[in-house]
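Read through the structure below, which is laid out as structure tokens, and then see the notes.
Sequence lines set the chain letters: A, B, ... in the order given, protein chains first and strands last, and positions in each chain run from 1.
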Amino acid sequence: MSPRYDFAAMEAKWRPRWREAGLYSTPCEPDRPKLYCLDFFPYPSGSGLSVGHGKNYVPTDVVCRKRRLEGYNVLHPMGWDAFGQPAEEYAIRVHQHPAVTTARNAANYRRQMDVFELSYDWSREVFSSDPAYYRWTQWFFLLLFKRGLAYQDVHPQWWCPRCRIVLSNEQASSGQCWRCETELTRKQLKQWYFKITGYADRLLEGLDRVVWPEGIKAMQRNWIGKSEGARIVFTVVDVHGRQHDLPVFTTRIDTIYGATFCVVAPEHPVVEIATTADQDAAVRSYVAQAVKKTDTERKAADDREKTGVFTGAYAINPFNQEGIPLFVADYVLPDYGTGAIMAVPAHDRRDFAFARRYTLPIREVISPDGVVHGDLDHASEEPGVLVNSGPFSGLESHEAMQRMGVYAEHEGFGCLTTDYRIHDWLISRQRYWGAPIPIVHCPSCGAVPVPEEQLPVHLPDLVDFEPDESGRSPLARCEEWVRTPCPSCGGPAARETDTMDGFACSSWYFLRFASPGYSEGPVDPEALAYWLPVDLYVGGAEHAVMHLLYARFWTKVMYDAGLVDFDEPFTVLKNQGMMLGEDGRKMSKSLGNVVTPDQMAQRYGADALRLFLLFIGPFETDVAWQESGIAGVHRFLKRVWSLVVESADDGVPGPEPYDEHARDLAYHVHKTIRKVSLDIDNFEFNTAVAALMEFLNYLYSLRERRTALGSTWGFAIESLVRLLSPMTPFISEELWEYMGRSGSVHRQAWPKWDEDALVRAMTLVMVQVNGKIRDKLQVPAGASQEEVVAQALLLPTVARYMGGALPARVVYVQDRLLSLVSA
RNA sequence: GCGAGAGUGGCGGAACUUGGUAGACGCGCUGGACUUAGGAUCCAGUCCCUCACGGGGUAGGGGUUCGAGUCCCCUCUCUCGCACCA
């Protein structure tokens, strides 16, 4: 009586044996190639893993397992993005200390990852909230500080009233809190920044050298938002007759003679200075309501109507000394460029709309053909030939920009320059659960860095860690922690009470895995040199402009400091598609459509769960979960089980029979080895699984004749088990043992295909007449065109369509297709 | 508006790298076998029209070619990201 396919028993049997044998420990044998394959650093949430997480983790696990079998040294680690806002929000919600909830949630994640039997080397597990880890996060802060890349400044900040925390621009994208989607407000605060803007150009350039999805690169380019233009200083005269500079940024300096008014953002300081008495009331009320609006309201997509108010003041265009009215309007953004623009209604659609509404003059200065057309009914934004532009008339736009830039610089009222949309990275958080910023504020010495040998600055164990209404960090309430001598003068001083953004922790974690216990620095230089950079980095697209941009920035800083010899940390990046609920909507607790790995593994086994996650659809595509599908792959595994078991029960296979059937079988084995190998390398797991299913169906068709196929059958069965091993580790190992093979299937060499076995004796040639398939023909491989044509013409269908005539034209694709064209 | 990507059976998707049997593989469905039973297993079928011969078919329209899901042009639809960035 053959054993049944009992996945639960297999899992219970092999898990402890593999742990004991250290099956997933990281080998580091010289003379072997290496693979550093990393999954995104997860924040262990309280709700645990859903099957959707497996859509990311299982494919990378399969790649790692296959590479191990191919003799690679594979680094495949996992750790926890334990510090930061999400972990802290959770702790606040459940009224438990974040150290407790984080440890518990991480343990649960790890347990669930083990349900998937992911082959992480858990001896390298790291927590970003561990002092042995954040010591080096702080060390990196000091590195940035010393290099002039960390500074304090007062700016209006994005503030989430619900989370009671400031957010970086990246976290506040679209004016809402990245965590709770609350509408953000602005708050004027002194905060720490990292000078990521100084790396804008290099962050752009580096994108050309990495193998990342185009969409992610595009998002980063868009976020950095480089635009080349000019800064031109207009002059505004205030009510007292004093002159003030009003710099504007423009990408179209060639249109400057068409400027008929200027506009500043409601927040612009010149409003206060220059507004005339008779316009004062109108301006005040406009500014008040504009500033009150939320960011989304101000940028509301369906209401682009331009509004604004005349300040009563005039700005002088330095190119023609013309005084043009100065408006305040909220379509000009305070954060971009200088917060002030010259408005050229003839050649900018926004300015055009504004000019129409307030009946301001529209002056054409660019023409496609150098002829003045007058009376524009819309803004023409194309470059062209300058008209009405004083000495620059007649020049082509591109040349005019250069010449006018040079002229402005020579005259001292402007220059060509580049502006970026990206702002410096706001790093400080008024929160408890993060790495303390290693700075001491001294009344006499100012902001003093904590000396490296005093790191880490330990996070005190606060009972009361919730943020209050003060807008200060809970750490500020811990006086004994705050009070400290100044490292410089020894006098009484106070610690910085803000902690670092959680994204600081994840900006370097990929280094730590190379040598997780190292204490002389963030990473052992030897391990760094061997493992880094990350060869394959896999995770969701939601971190496109946060984590992925910050980590690239830190890496470039490390490179400049001589710490690493690469400046792009992630050579290849892939984004997995999202797993939706069975109802096609996003899996979420509130919708009640979450499917957990625990449920599925219990019902169908870890192998079926893994296999289905690979099979359900293309890696990068979003797909809806369907339980009937996992039942399908479970059925497949049962079929594998019974076929392999009965083959093993047959005993030692007979000698190789050199017949047609055995050759055909060998062909299919090698074809499958090839297909599965290449598909895994290309992240096409769904078709790799399909190929194995096809192969099994083929083997089933030979089932009755298997003993006659001798050792070729044994080879086919063995290959099936080995090809499955990275995808379905348990059944593969159990069958390997059942077949009486020694050692673990996970320590065998990955099968290789034999090109010679892929050459077929006979081949099927499609026969087309006048472009339509009419018949097919079995011919010996390598048959000549003449032979094939001769045979084809004898086919009754072909003869009928050819009408007995000889083909006027023949196209023959060797061994595949014959196309006959009648006259 | 800008950027990225996608439109193929009842469903998820193959074939797109290299133009050459469209619908692999799985789900679902239909019929049959075995069975006390079966949400177990096995076998057969399953793009549409047609009794058949045959014809049609990859969002729509043009084009290149002996031959187009695949290449080129135009249009439409959808998803994602950014969005008054001067």
Side-chain angles (χ1 to χ4, degrees), chain A residues 4 173-174 213-223 225-227 229-230 248-253 255 263 265 298-301 303-306 329-333 335-344 347-351 353-354 381 419-422 541-542 544-545 575 578 584 611-612 615-618 620-633 635-636 638-639 642 675 678 682 684 686-697 700 703 764-776 807-813 816-822:
Chain A
R4 293 178 51 82
S173 170
S174 78
E214 273 314 309
I216 300 289
K217 291 193 192 182
M219 280 189 241
Q220 293 214 347
R221 289 193 187 103
N222 185 47
W223 186 259
K226 180 175 184 165
S227 69
V248 304
F249 177 73
T250 177
T251 53
R252 290 299 300 276
I253 188 177
T255 65
V263 187
R298 232 162 114 168
K299 292 182 178 175
D303 178 20
R304 289 278 168 100
E305 205 173 343
K306 309 277 179 287
D330 66 4
Y331 82 89
V332 172
L333 306 175
D335 300 329
Y336 187 74
T338 60
I341 62 158
M342 63 175 205
V344 184
H347 306 291
D348 181 288
R349 70 182 73 172
R350 297 152 304 181
D351 298 342
F354 192 83
E381 298 184 327
D419 239 340
Y420 299 88
R421 206 178 78 115
I422 192 174
E542 67 275 8
V545 288
N575 296 127
M578 212 192 320
L611 196 62
F612 183 53
F615 183 61
I616 189 167
E620 334 57 69
T621 310
D622 294 351
V623 276
W625 177 259
Q626 34 180 336
E627 189 163 341
S628 57
I630 192 174
V633 296
R635 202 144 42 227
F636 165 76
K638 280 192 283 191
R639 276 158 54 83
S642 52
K675 175 77 176 155
L678 297 178
N682 294 326
E684 289 165 351
N686 54 334
T687 51
V689 177
L692 286 164
M693 289 174 164
E694 211 173 340
F695 183 49
L696 185 73
N697 290 342
Y700 261 75
R703 195 177 186 179
L764 191 64
V765 172
M766 308 314 298
V767 182
Q768 290 185 349
V769 178
N770 293 330
K772 286 199 185 290
I773 306 279
R774 294 302 179 185
D775 211 337
K776 44 201 155 188
R809 189 172 165 198
V810 175
V811 178
Y812 180 57
V813 182
R816 295 181 73 179
L817 176 126
L818 176 71
S819 183
L820 303 174
V821 186
S822 65

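- If you take CG on A/Leu692 and CZ on A/Phe636, they are separated by 5.5 Å, rounding to the nearest 0.5 Å.
- Pairing for B/U79 goes to B/A4, judged as Watson-Crick or G-U wobble with the two contacts each under 3.5 Å.
- Using a 4.0 Å heavy-atom distance criterion, A/Ile616 is classed as a sugar-phosphate-only contact.
- A close approach under 4.0 Å does occur between a side-chain nitrogen or oxygen of A/Lys772 and OP1 or OP2 of B/G56.
- Taking 4.0 angstrom as the limit, A/Lys638 places a side-chain polar atom (N or O) nearer than this to OP1 or OP2 of B/U41.
- A straight line from CD1 of A/Ile773 to C1' of B/G54 spans 16 Å, rounded to a whole angstrom.
- Rounded to the nearest Å, the gap between the P atom of B/C74 and that of B/A4 is 15 Å.
- Following rounding to the nearest Å, A/Asp775 (CG) and B/G20 (C1') show an atom-to-atom distance of 16 Å.
- Across B/A68 and B/G63, the matching C1' atoms stand 11 Å from one another, rounded to whole Å.
- Rounding to the nearest 0.5 Å places CZ of A/Phe612 at 5.0 Å from CD of A/Gln626.
- Between the C1' atom of B/C11 and the CZ atom of A/Phe612 lies a distance of 12 Å, rounded to the nearest Å.
- Note on A/Arg774: every side-chain N or O is 4.0 Å or more away from OP1 and OP2 of B/G67.
- Within 6.0 Å of CZ in A/Arg816 there are 12 or fewer heavy atoms belonging to other residues, nucleotides or ligands.
- Within 4.0 Å (heavy atoms only), A/Thr250 reaches sugar-phosphate atoms of the nucleic acid but no base atom.
- Rounded to the nearest Å, the gap between the C1' atom of B/C43 and that of B/C34 is 11 Å.
- For A/Leu817 and B/U21, the CG to P distance is 7 Å, given to the nearest whole Å.
- For A/Arg816 and B/U18, the shortest distance from a side-chain N or O to OP1 or OP2 is not below 4.0 Å.
- Note on A/Arg221: nothing from the nucleic acid sits closer than 4.0 angstrom, heavy atoms only.
- Remark: the separation of the P atoms in B/G56 and B/G5 is 35 Å, to the nearest Å.
- By the rule that a glycosidic angle within 90° of 0 means syn, B/G9 counts as syn.
- Nucleic acid contact class of A/Val623 (heavy atoms, under 4.0 Å, all strands): sugar-phosphate only.
- Atoms CD (A/Glu214) and P (B/C2) sit 19 Å apart, rounded to a whole Å.
- A/Tyr336 has its side chain within reach of A/Asp419: a pair of non-hydrogen atoms, C-beta onward, lies under 4.5 Å apart.
- Nucleic acid contact for A/Pro618: sugar-phosphate only, since backbone atoms but no base atoms lie under 4.0 Å from a heavy atom of the residue.
- Taking atom P in both B/G55 and B/C73, one finds a spacing of 32 Å when rounded to whole Å.
- With the nearest nucleotide of RNA chain B identified for both A/Ile216 and A/Trp223, A/Ile216 has the one nearer the 5' end.
- The nucleotide B/G69 finds no pairing partner, because no Watson-Crick or G-U wobble arrangement with both distances shorter than 3.5 Å includes it.
- Here, B/U8 and B/G60 have their C1' atoms 15 Å apart, quoted to the whole Å.
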Practice prompt. Please step through side-chain contact (heavy atoms from CB on, under 4.5 Å) for the pair A/Met766 and A/Lys776, ending with a clear verdict.
Written response: CA-CA 4 Å; A/Met766 308 314 298; A/Lys776 44 201 155 188; 3.9 Å; yes

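- The side chain of A/Asn697 places an N or O atom within less than 4.0 Å of a non-bridging phosphate oxygen (OP1 or OP2) of B/G26.
- A/Asn682 comes within 4.0 angstrom of nothing in the nucleic acid, heavy atoms only.
- B/U64 makes up no base pair with any nucleotide shown, lacking Watson-Crick or G-U wobble contacts both under 3.5 Å.
- Contacts of A/Val332 with the nucleic acid, taken as non-hydrogen atoms under 4.0 Å apart, include base atoms.
- Of the residues near RNA chain B, A/Asn686 and A/Arg252, the one whose nearest nucleotide (by heavy atom distance) lies more toward the 5' end is A/Asn686.
- The cationic group of A/Lys306 does not satisfy the cation-pi geometry with A/Phe354, failing either the under 6.0 Å distance to the six-membered ring centre or the 45° limit from the ring axis.
- The closest side-chain heavy-atom distance from A/Ile341 to A/Asp348 is not below 4.5 Å.
- One side chain, A/Arg639 or A/Asn697, offers a donor N or O that lies under 3.5 Å from an acceptor on the other.
- On a pure distance criterion of 3.5 Å, a polar donor-acceptor pair joins the side chain of A/Gln768 and the base of B/G20.
- OP1 and OP2 of B/G13 both lie 4.0 Å or more from every side-chain N or O belonging to A/Thr621.
- For the C1' atom pair drawn from B/C47 and B/A14, the interatomic distance equals 14 Å after rounding to whole Å.
- Among the protein residues, A/Gly337 comes within range of no part of the nucleic acid, since none of its heavy atoms lies under 4.0 Å from any strand.
- Heavy atoms of A/Lys217 sit nowhere under 4.0 angstrom from any nucleic acid atom.
- Closest to the side chain of A/Asn222, out of B/C82, B/C84, B/A14, is B/C82.
- Using a 4.0 Å heavy-atom cutoff across all strands shown, A/Leu820 reaches no nucleic acid atom at all.
- Pairing of B/C11, defined by two Watson-Crick or G-U wobble distances under 3.5 Å, is identified with B/G26.
- Contact between A/His347 and A/Glu381 at its shortest, heavy atoms only, is O-CG, 3.5 Å.
- Atom C1' of nucleotide B/G67 and atom CG of A/Asn770 are separated by 11 Å, given to the nearest angstrom.
- Look at A/Arg639 and you'll find a side-chain N or O under 4.0 angstrom from OP1 or OP2 of B/C42.
- Atom CG in A/Leu611 sits about 11 Å away from atom C1' in B/C25, given to the nearest Å.
- Contacts of A/Glu694 with the nucleic acid, taken as non-hydrogen atoms under 4.0 Å apart, involve only primed sugar atoms and P, OP1 or OP2.
- Looking at A/Ser628, its side chain has no donor and acceptor atom pair within 3.5 Å of the base of B/C27.
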